[in-house]
Amino acid sequence: MYRNAFQGFAGCILIFFLLLFVLYGVLWAAGGFLIVADPLKATDAVVVLSGGGPERIQEASRLMRDGYAHALILTDTGEVLPNGVTAIELLRQEALKLGVPADKIHFTRMVVQNTIDEAEAVVQLEEQLGFNHCTVVTDPFHSRRTRLVFRQALSGHGIQVRIQPVRGHWYKSNTWFFSSRGWSVTLSEYGKLFLWLLP
């Protein structure tokens with residue numbers, strides 16, 4: 001009797017760990033699906049999407065230093081910070097500190113509110129500047145939707161787009177689910193992706 005009870009208990013433990021393993025794999029895959037990266041290749045400009053932390057502008061500056069882009073494009077949200085400085089000016093100042101030449105920094109002409117606006121604004125500016133391709137830098141969890149939105153917006157304009165998620169970012173496919181921040185951005189991104197895919 002004791003032996004049967006022990007076997008039953010051991011079986012339950014085994015099933016529990018198997019389910020845990022499966023759940024871990026599902027969550028890992030869910031985070032991994034959101035992250036895409038195109039092979040690095042030299043383009044006319046690197047585009048930093050608004051929002052996020054300083055990691056995006058740092059990644060863009062690294063790409064320029066390494067010869068993967070000749071210009072920097074910043075998208076403008078029109079946001080004004082409490083100290084009176086605009087968010088885009090703050091990004092410009094950070095880029096200058098990181099060694100980006102002032103004459104290589106360009107601002108989109110229209111004020112943007114979301115990724116779709118950013119894609120349209122970048123198309124307009126790239127055409128004005130005579131650029132044919134760009135690398136878009138964004139957070140890893142935002143990279144798949146960014147690729148979909150930008151490729152749709154740039155199709156028909158003869159402009160190629162490559163996506164580069166920030167390297168060394170806190171969001172990783174195998175650990176995002178260990179933090180409330182990870183859950184927040186992942187669920188939000190899937191929701192936005194679902195809404196964008198609706199006809």
Side-chain angles (χ1 to χ4, degrees), residues 19-38 40 45-63 72-82 85-92 94-95 107-108 110-125 134-155 161-199:
L19 290 175
L20 202 61
F21 181 76
V22 170
L23 177 61
Y24 181 79
V26 168
L27 294 175
W28 188 338
F33 176 77
L34 295 178
I35 305 172
V36 296
D38 295 313
L40 282 174
V46 58
V47 179
V48 175
L49 299 188
S50 56
E55 299 88 358
R56 295 182 185 183
I57 195 72
Q58 291 166 1
E59 178 69 24
S61 299
R62 279 198 297 268
L63 291 175
L72 173 66
I73 293 176
L74 304 175
T75 59
D76 186 8
T77 61
E79 180 186 2
V80 179
L81 304 176
V85 177
T86 61
I88 196 167
E89 174 59 23
L90 196 63
L91 281 176
R92 188 187 76 86
E94 185 63 26
F107 301 150
T108 53
M110 60 180 278
V111 175
V112 301
Q113 296 182 337
N114 51 49
T115 307
I116 296 173
D117 287 350
E118 289 181 299
E120 293 173 356
V122 169
V123 169
Q124 292 178 10
L125 183 58
C134 63
T135 299
V136 179
V137 171
T138 190
D139 296 322
F141 56 82
H142 187 225
S143 56
R144 179 170 292 278
R145 185 163 58 91
T146 296
R147 179 196 270 174
L148 291 171
V149 170
F150 267 77
R151 285 191 174 173
Q152 182 184 69
L154 272 61
S155 66
V161 62
R162 309 180 78 80
I163 303 300
Q164 175 61 41
V166 173
R167 291 169 286 183
H169 196 271
W170 68 267
Y171 188 92
K172 294 180 174 53
S173 60
N174 62 335
T175 58
W176 68 264
F177 39 87
F178 291 129
S179 71
S180 58
R181 185 183 182 189
W183 279 97
S184 176
V185 298
T186 300
L187 293 176
S188 173
E189 197 59 33
Y190 268 103
K192 292 174 181 177
L193 186 58
F194 175 75
L195 290 174
W196 185 81
L197 291 171
L198 286 176

Enquirer: S61 side chain to I57 main-chain N or O, any donor-acceptor pair under 3.5 Å?
Expert: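 Present.
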
Enquirer: Using the side chain to side chain contact (heavy atoms under 4.5 Å, CB included) definition, which of the options L40, T146, T138 pairs with Q164?
Expert: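 So the option named by the test is L40.
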
Enquirer: Please find the pair of heavy atoms, one from A119 and one from A153, that lie closest to each other, and give the distance.
Expert: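 Reported closest heavy-atom pair: CB-CB, 3.6 Å.
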
Enquirer: Taking the side chain as every heavy atom from C-beta outward, state whether V166 and V137 have any pair of such atoms under 4.5 Å apart.
Expert: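 They are in contact (side-chain heavy atoms under 4.5 Å apart), so the answer is yes.
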
Enquirer: E120 and D117: side-chain contact (heavy atoms from CB on, under 4.5 Å), yes or no, with the steps?
Expert: CA-CA 5 Å; E120 293 173 356; D117 287 350; 4.3 Å; yes

Enquirer: Mind checking whether W176 and Y171 have parallel, tilted or perpendicular rings, split at 30° and 60°?
Expert: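 W176 and Y171: parallel rings.
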
Enquirer: Identify the heavy atoms of L90 and V85 that sit nearest to each other, and give their distance.
Expert: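 Distance-wise, the nearest heavy atoms are N-CG1, 4.2 Å.
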
Enquirer: With rounding to the nearest 0.5 angstrom, report the CD1 to OG1 distance, I73 to T135.
Expert: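 The distance works out to 10.5 Å.
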
Enquirer: Quick one: CZ on R181 to OG on S184, what's the gap to the nearest 0.5 Å?
Expert: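 Going from CZ on R181 over to OG on S184, the span is 9.5 Å.
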
Enquirer: How long is the straight-line distance from CG of N114 back to CG of L49, given to the nearest 0.5 Å?
Expert: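 Going from the CG atom of L49 to the CG atom of N114 covers 11.0 Å.
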
Enquirer: Just checking, any donor-acceptor pair under 3.5 angstrom between side chains of E118 and T108?
Expert: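 Judged by distance alone, the side chains do not pair up.
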
Enquirer: Tell me, with the steps shown, if R167 and L63 meet side-chain contact (heavy atoms from CB on, under 4.5 Å).
Expert: CA-CA 11 Å; R167 291 169 286 183; L63 291 175; 3.8 Å; yes

Enquirer: Does S50 reach the main-chain N or O of T75 with its side chain, forming a donor-acceptor pair under 3.5 Å?
Expert: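 Looks like no, no N/O pair under 3.5 Å.
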
Enquirer: Might you point out which heavy atoms bring H169 and P140 nearest each other, and give the distance in Å?
Expert: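 In terms of heavy atoms, the two residues are closest at CG-CD, 3.3 Å.
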
Enquirer: If every non-hydrogen atom of G32 is compared with every non-hydrogen atom of S173, which pair is closest and at what distance?
Expert: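 Reported closest heavy-atom pair: N-CB, 3.4 Å.
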
Enquirer: Go through the steps to decide whether F150 and T115 satisfy the test side-chain contact (heavy atoms from CB on, under 4.5 Å), and finish with yes or no.
Expert: CA-CA 8 Å; F150 267 77; T115 307; 4.3 Å; yes

Enquirer: Is Q124 atom CD crowded by more than 12 heavy atoms from other residues, nucleotides or ligands, each under 6.0 Å away?
Expert: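 For Q124, atom CD is crowded (more than 12 foreign heavy atoms under 6.0 Å).
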
Enquirer: Is R56 paired with E59 through a side-chain N to carboxylate O contact shorter than 4.0 Å?
Expert: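 The answer is no: the pair does not qualify as a salt bridge.
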
Enquirer: Considering the options E189, R145, H142, which one meets the side chain to side chain contact (heavy atoms under 4.5 Å, CB included) requirement together with L34?
Expert: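 Between L34 and the candidates, side chain to side chain contact (heavy atoms under 4.5 Å, CB included) is satisfied uniquely by E189.
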
Enquirer: From the options Y24, W28, F141, select the one residue that forms a ring pair (Phe, Tyr, Trp, His ring centres under 6.0 Å) with F177.
Expert: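 Of Y24, W28, F141, ring pair (Phe, Tyr, Trp, His ring centres under 6.0 Å) with F177 is met by Y24 alone.
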
Enquirer: Could you go step by step and tell me if L193 and F33 meet the side-chain contact (heavy atoms from CB on, under 4.5 Å) rule?
Expert: CA-CA 12 Å; L193 186 58; F33 176 77; 3.9 Å; yes

Enquirer: Listed by chain and number, what are the side chain to side chain contact (heavy atoms under 4.5 Å, CB included) partners of L187, not counting sequence neighbours?
Expert: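 Side chain to side chain contact (heavy atoms under 4.5 Å, CB included) check on L187 returns W183.
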
Enquirer: Got a second to check how far E55's CD is from W170's CH2, nearest 0.5 Å?
Expert: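 Those atoms lie 10.0 Å apart.
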
Enquirer: Could you work out, with side chain to side chain contact (heavy atoms under 4.5 Å, CB included) as the rule, every residue matching T175, not counting sequence neighbours?
Expert: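 With sequence neighbours excluded, T175 shows a side chain to side chain contact (heavy atoms under 4.5 Å, CB included) to K172, F178, given in chain and number order.
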
Enquirer: Taking all atoms of both residues into account, what is the closest heavy-atom pair of V48 and L72, and its distance?
Expert: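 Taking V48 first and L72 second, the nearest heavy atoms are CG2-CD1, 3.6 Å.
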
Enquirer: With the threshold set at 4.0 Å, does a side-chain nitrogen-carboxylate oxygen contact exist between D38 and R151?
Expert: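 Looking at D38 and R151, the cut-off is met.
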
